[in-house]
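Here the structure is laid out as structure tokens; the discussion comes afterwards.
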Amino acid sequence: MRPISSPRAGAGNASGAPIRRSGRGRRLYTVENPKKSTTLTVMTVLFTLYCLLPLVWLVINATKSQADFVSSFGLAPGRDFALWDNIVEVFRYQDGIFSRWLLNTLLYVVVGATVSTFLAALGGYALAKLDFRGKRVFLFVVLGSISVPGIALAIPQFLLFAQLGLTNTPWAVLIPSFINPFGLYLMWVFTAEAVPTGLLEAAKIDGAGEFRTFLRIALPMLAPASVTVLLFSFVSIWNNYFLPLIMLKDPAWYPLTVGINQWNKLGSSAGNGALVQNLVITSALLTIVPLIIAFLSLQRYWQSGLALGAIKG
């Protein structure tokens, strides 16, 4: 007579995934077979609602006319769908100054993010693969600078740029954006993991210089990390508000963040609220569209870059 066998550790469940059990028959949960948590599920749903509710409110109110905006419930649609009319009015208001603010923001973001990403990659490569005097001290300085909030440096930067005569110019916004300590740290971690030292030594044996080795060998391998740092820089510069506010006085050089806030102040003043409230909401919606497009189009690259950093950590 054959004995009745006990449940095997690798027996499958209804979904086909193996169920692992301990010696006492208790179920062992793994990454592939996690334990369900009602508390965690509720917290995730609440956090999702917290993140999505302002976006839903923004989209709904951008479709309202000014009359519907002041007379209807915030999360209810208006009587008329006025999204296109609001967009047209945004680009016409104040002689089309919104288009100038948009071009200014694109200038600050494209130049600032590109240069800061390249400098971060260059510095991260040097920290990870080169030996030089003062490397350890420099590394501690970089790590320490990450903990300093950018707003704390805005006033000293303003005083410095005022002495140089660069305030109220695009350089007052661009130059500070070139330095990205957090991006430098990320590139250092990524380079140490993704770029084989032996490959660099082979390139140098073949006669390639240090900078050429970086450009031809290391930089292509750092594409996922570079996209990750580029997106972080993109978002940081796009949302930058305080530094342009104190550096720029000419509205012609404002980025979108400062310009829209000026409209918001105008709409909050007595007698002007009925003119631009719907324009402020619509312009805010237009401001976040490029960020969504950038993240969705580059999602594959920056996710792989974050995964590489997690493996290194």
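For this chain, numbers begin at 1 and follow the sequence in order.
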Handout entry: Leu46, CG: over 12 other non-hydrogen atoms inside 6.0 angstrom
Key = yes

Exercise for the section: Check whether any side-chain heavy atom of Tyr93 lies under 4.5 Å from a side-chain heavy atom of Trp263, and answer yes or no. Expected result: yes

Practice task
Treating Ile, Leu, Val, Met, Phe, Trp and Tyr as nodes and any side-chain heavy-atom pair under 4.5 angstrom as an edge, say whether Tyr125 and Phe211 lie in one connected cluster.
Solution key: yes

Exercise for the section: Count the heavy atoms of every other residue, nucleotide or ligand shown that sit under 6.0 Å from CZ of Phe132, and state whether that count exceeds 12. Expected result: yes

Exercise for the section: Give a yes-or-no answer on whether the side chains of Lys204 and Thr213 include a donor-acceptor pair shorter than 3.5 Å. Expected result: no

Exercise for the section: Compare every heavy atom of Phe98 with every heavy atom of Ser283, then report the nearest pair and how far apart it is. Expected result: CB-CE1, 3.6 Å

Practice task
Give a yes or no answer on whether the side chain of Thr228 reaches the backbone of Pro224 with a donor-acceptor pair at less than 3.5 Å.
Solution key: yes

Problem - Pairwise side-chain contact, Asn168 with Met247, heavy-atom cut-off 4.5 Å (strictly under) - result: no

Handout entry: Verify same cluster id: Leu107, Ile260 (apolar side-chain graph, 4.5 Å)
Key = yes

Exercise for the section: Using a 4.5 Å cut-off on heavy atoms from C-beta on, say whether the side chain of Tyr185 contacts that of Leu139. Expected result: no

Handout entry: Validation row: Thr169, Phe161 side chains within 4.5 angstrom (heavy atoms)
Key = no

Handout entry: Distance in Å, Leu130 CG paired with Phe214 CZ, rounded so as to fall on 0.5 Å steps
Key = 10.5 Å

Practice task
Kindly check if the number of other-residue, nucleotide or ligand heavy atoms within 6.0 Å of CG (Asp206) is above 12?
Solution key: yes

Exercise for the section: Answer yes if Leu103 and Val110 sit in the same cluster of Ile, Leu, Val, Met, Phe, Trp and Tyr residues linked by side chain heavy atoms under 4.5 Å apart, and no otherwise. Expected result: no

Handout entry: Min side-chain heavy-atom separation Ile175-Leu166 under 4.5 Å
Key = yes

Practice task
Using distance alone, with no hydrogens and no angle criterion, decide if Ser72 and Lys64 have a side-chain donor and acceptor under 3.5 Å apart.
Solution key: yes

Fill in the blank from the handout: One should read off an interatomic distance between Asp68 CG and Thr63 OG1, to the nearest 0.5 angstrom, of 8.5 Å

Exercise for the section: Indicate whether the side chain of Ser233 and that of Asn180 have a donor and an acceptor atom separated by less than 3.5 Å. Expected result: yes

Practice task
Kindly say whether Ala294 contributes a backbone atom to a donor-acceptor pair with the side chain of Ser297 at under 3.5 angstrom?
Solution key: yes

Problem - Minimal non-hydrogen separation, Ile60 against Leu75, with atom names - result: CD1-O, 3.5 Å

Problem - Spacing of Leu285 atom CG and Leu55 atom CG [to the nearest 0.5 Å] - result: 7.5 Å

Problem - Same apolar cluster (I L V M F W Y, side chains within < 4.5 Å links), Val141/Leu143 - result: no

Handout entry: Check: Pro251 main-chain N/O paired with Trp101 side-chain donor or acceptor under 3.5 Å
Key = yes

Exercise for the section: Return yes if some donor-acceptor pair links the side-chain N/O of Asp80 with the main-chain N/O of Ala82 below 3.5 Å, else return no. Expected result: no

Problem - Any side-chain heavy-atom pair of Trp253 and Arg100 under 4.5 Å - result: yes

Practice task
Could you tell me which residues satisfy ring-ring contact (aromatic ring centres under 6.0 Å, His included) with Tyr241, sequence neighbours excluded, listed by chain and number?
Solution key: none

Completion exercise
Between the OG1 atom in Thr105 and the CG atom in Asn240, the distance rounded to the nearest 0.5 Å is 10.0 Å

Problem - Donor-acceptor contact present, side-chain Asn61 to main-chain Ile281, <3.5 Å - result: no

Practice task
Check whether any side-chain N or O of Asn278 sits under 3.5 Å from a backbone N or O of Ala62 as a donor-acceptor pair, and report yes or no.
Solution key: no

Practice task
Check whether any side-chain heavy atom of Tyr254 lies under 4.5 Å from a side-chain heavy atom of Pro244, and answer yes or no.
Solution key: no

Handout entry: Ser145 side chain to Pro181 backbone, donor-acceptor under 3.5 Å
Key = no

Practice task
For residues Gln157 and Leu243, report the shortest heavy-atom separation together with the two atoms involved.
Solution key: OE1-CD1, 3.5 Å

Exercise for the section: Taking all non-hydrogen atoms of both residues into account, name the closest pair between Leu219 and Ala121 and its distance. Expected result: CD1-CB, 4.2 Å

Practice task
Decide side-chain contact (heavy atoms from CB on, under 4.5 Å) for Gln277 and Asn264; before the verdict, give the C-alpha distance in whole Å, the side-chain angles of both, and the deciding distance to 0.1 Å.
Solution key: CA-CA 7 Å; Gln277 285 178 336; Asn264 186 42; over 6 Å; no

Exercise for the section: Find out whether Val115 and Phe118 are in side-chain contact, i.e. whether some heavy atom of one side chain is under 4.5 Å from a heavy atom of the other. Expected result: no

Practice task
Considering non-hydrogen atoms only, spot the tightest contact between Leu58 and Ala284 and give its length.
Solution key: CD1-CB, 4.0 Å

Exercise for the section: Look up atom NZ in Lys135 and atom CG in Leu127, then write down how far apart they are to the nearest 0.5 Å. Expected result: 6.5 Å

Exercise for the section: Give a yes or no on whether the backbone of Thr287 and the side-chain of Trp238 come within a donor-acceptor separation of less than 3.5 Å. Expected result: yes

Fill in the blank from the handout: CZ (Phe91) and CD1 (Ile97) are apart, to the nearest 0.5 Å, by 12.5 Å

Exercise for the section: Could you tell me whether the side chain of Thr282 and the main chain of Leu279 form a donor-acceptor pair under 3.5 Å? Expected result: no

Practice task
Verify the cluster assignment for Phe73 and Leu83: are they in a single hydrophobic cluster under the rule of side-chain heavy atoms below 4.5 Å apart?
Solution key: yes

Practice task
Show your reasoning for whether side-chain contact (heavy atoms from CB on, under 4.5 Å) applies to Leu291 and Asn239.
Solution key: CA-CA 10 Å; Leu291 295 177; Asn239 294 330; 4.0 Å; yes

Fill in the blank from the handout: Minimal heavy-atom distance between Ile217 and Ala203, with the atoms involved, is CG1-CB, 4.0 Å

Problem - Any donor-acceptor pair under 3.5 Å from Ser177 side chain to Leu174 backbone - result: yes

Practice task
Assign the ring pair Trp57 / Phe69 to parallel, tilted or perpendicular, where the plane angle (0 to 90°) is split at 30° and 60°.
Solution key: perpendicular

